[in-house]
Amino acid sequence: MNVSAEIDDWSGEIAFAPMSALYFGIGGATPLHSTAAHKVIAGAREVTREDAGRNDSRSLAIPSATPHAFDGRSRKIAVAYLDARYFSWEDARALEAKWARLDPASATIDCLQEDISRLRPRALGNRLSRAMTALETLPSVRQSARSLGLSESRFTHLVSDELNAPPRQWRRWLRLRRAVDLIALGKNVTEAGHEAGFADSAHFSRACYGELGIRPSVLRSGRLQFQRSVESCNLAFD
């Protein structure tokens, strides 16, 4: 896939829920990137996984922490982010199967959000829940481990074994999700990155590009609408 360093074709809507996020609209092209969330992509002309090569399926689920790229330029696509703390890989595969016949041109974001809402999130165990809270609130992985009385190595195994991605990637993902929330509330890129815990705008930009495959400037381009409401309707299939 030939992807330039900066693709600003994105124009659509981003819907937030406590345990998921959904992009729906005209897509762009991304470099290889990976997130701590499971992802389901529908409508892209091409999706490439580093471990599996190119795939032209109508919908494709990507496991958390799996490098991938996709090309959704000049077409309407749906990209769901399912927080791996709450959604299993089987949930992502179920959504992939549901969206295999989806015609994004005939769907609405509220319909797609409702489909995600039908999934049944799992509950984290107490120790893992405490680990994720520590990663979100404490300044380092080492301090997070100490708060649970674990060595950094054991803490890393706990998070990686249960949630597929290592603690440092989870820290980036949690901060990035917070930063995107702040941008949706009207903060500029610098303010959002700082309040979410990134050292500076460059740090935030690298994390956004590495986790989402886009620059923060895309989120502030004025071509995206943010919403948190979900309405009941039926999915649009061709």
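This is a predicted model, so every value here is computed, not measured.
Side-chain contact between N188 and H194: absent, with no pair of heavy atoms (C-beta onward) separated by less than 4.5 Å. Using a 4.5 Å heavy-atom threshold, the side chains of V47 and I62 count as touching. Under the 4.5 Å side-chain criterion, counting only non-hydrogen atoms from C-beta, V218 is not in contact with L212. Side-chain atoms of S64 and N164, non-hydrogen and from C-beta on, do get closer than 4.5 Å to each other. Looking only at side-chain heavy atoms (C-beta outward), V189 and S217 stay at 4.5 Å or farther from each other. At least one side-chain heavy atom of I77 sits under 4.5 Å from a side-chain heavy atom of W10. With a 4.5 Å cut-off on side-chain heavy atoms, R122 and F87 do not count as touching. By the 4.5 Å heavy-atom criterion applied to side chains, E96 and L60 are counted as neighbours.
Contact detail for A37 and W173: the closest heavy-atom pair is CB-CZ2, 3.7 Å. Of all heavy-atom pairs between Y23 and G12, the closest is OH-N, 3.7 Å. Taking both residues in full, the closest heavy atoms of A92 and L82 are given as CA-CD1, 3.8 Å, listed atom of the first, atom of the second, then distance. Between A21 and R177, the shortest heavy-atom distance links the atoms CB-NH1, 4.4 Å. S151 and A145 get closest at one heavy-atom pair: O-CB, 3.7 Å. Closest non-hydrogen pair, P166 versus V159, comes out as C-CG1, 4.4 Å.
With R175 contributing its side chain and G197 its backbone, the two residues share a donor-acceptor pair below 3.5 Å. A distance-only check finds a donor-acceptor pair linking the side chain of R120 to the backbone of R118 [under 3.5 Å]. Judged by distance alone, with hydrogens and angles left aside, the side-chain atoms of S117 form a donor-acceptor pair with the main-chain N or O of E114 at under 3.5 Å. A donor-acceptor contact shorter than 3.5 Å links the side chain of R58 to the backbone of L102. Looking at S147, its side chain does come within 3.5 Å of a backbone N or O of S144 through a donor-acceptor pair.
Of the inter-residue distances, the one linking D83 atom CG with D91 atom CG reads 11.5 Å to the nearest 0.5 angstrom. Separation of atoms CZ (R85) and CG (L124) is listed at 7.5 Å; rounding is to 0.5 Å. For the atom pair D115 CG and L22 CG, the distance stands at 10.0 Å (nearest 0.5 Å). In this structure, CZ in F16 is found 10.0 Å from CD in Q113, a value given to the nearest 0.5 Å. Taking CZ of R49 as the reference point, atom CG of N55 lies at 8.5 Å (rounded to 0.5 Å). Here the straight-line distance linking atom OG1 of T30 with atom OH of Y209 works out to 8.0 Å at 0.5 Å rounding.
In this structure, a donor-acceptor pair under 3.5 Å is present between the side chains of K39 and H33. T66 and S34 are not linked by any side-chain donor-acceptor pair at a separation below 3.5 angstrom, with hydrogens and angles left out of the test.
One finds a salt bridge joining E152 and R168 here, because a Lys/Arg side-chain nitrogen approaches an Asp/Glu carboxylate oxygen to under 4.0 Å.
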I'd like to know whether H68 forms a side-chain contact (heavy atoms from CB on, under 4.5 Å) with I41, so could you lay out the CA-CA distance, the side-chain angles of the two residues, the decisive distance to 0.1 Å, and finally the verdict. CA-CA 11 Å; H68 64 283; I41 304 167; 4.3 Å; yes

Please lay out, stage by stage, how L158 and L148 fare under the test side-chain contact (heavy atoms from CB on, under 4.5 Å). CA-CA 11 Å; L158 168 68; L148 270 70; 4.3 Å; yes

In sequence, state the C-alpha distance, the side-chain angles, and the governing distance for S205 and R215, and then conclude on side-chain contact (heavy atoms from CB on, under 4.5 Å). CA-CA 6 Å; S205 183; R215 306 287 187 190; 4.1 Å; yes

Before you tell me yes or no, could you show the steps for W170 and M132 under side-chain contact (heavy atoms from CB on, under 4.5 Å), namely the whole-Å CA-CA distance, both residues' side-chain angles and the distance that decides it to 0.1 Å? CA-CA 8 Å; W170 271 106; M132 300 312 293; 3.5 Å; yes

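Side-chain heavy atoms closer than 4.5 Å link hydrophobic residues (I, L, V, M, F, W, Y) into clusters, and following such links, possibly through other members, connects M19 to I109. A single hydrophobic cluster is seen to contain both V79 and F226, as judged by linkage of ILVMFWY side chains at heavy-atom distances under 4.5 Å, directly or through other members. Linking ILVMFWY residues whenever their side-chain heavy atoms come closer than 4.5 Å, directly or via other members, places I183 and L224 in the same cluster. Cluster annotation: Y86 is connected to V40 through the hydrophobic network of ILVMFWY side chains, with a link wherever side-chain heavy atoms come within less than 4.5 Å.
For R142, the CZ atom sits in a loose shell: 12 or fewer heavy atoms of surrounding residues, nucleotides or ligands are nearer than 6.0 Å.
Take R45 and apply the side-chain hydrogen bond (donor to acceptor under 3.5 Å, both in side chains) test, not counting sequence neighbours, and it matches D71.
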Identify each donor-acceptor pair in which a side-chain atom of residues 133-141 lies under 3.5 Å from a protein atom, sequence neighbours left out, and give them as a table.
{"residue": "T133", "atom": "OG1", "partner": "S129", "partner atom": "O", "Å": "3.1"}
{"residue": "T137", "atom": "OG1", "partner": "T133", "partner atom": "O", "Å": "2.8"}
{"residue": "S140", "atom": "OG", "partner": "Q143", "partner atom": "N", "Å": "3.1"}
{"residue": "S140", "atom": "OG", "partner": "Q143", "partner atom": "OE1", "Å": "3.3"}

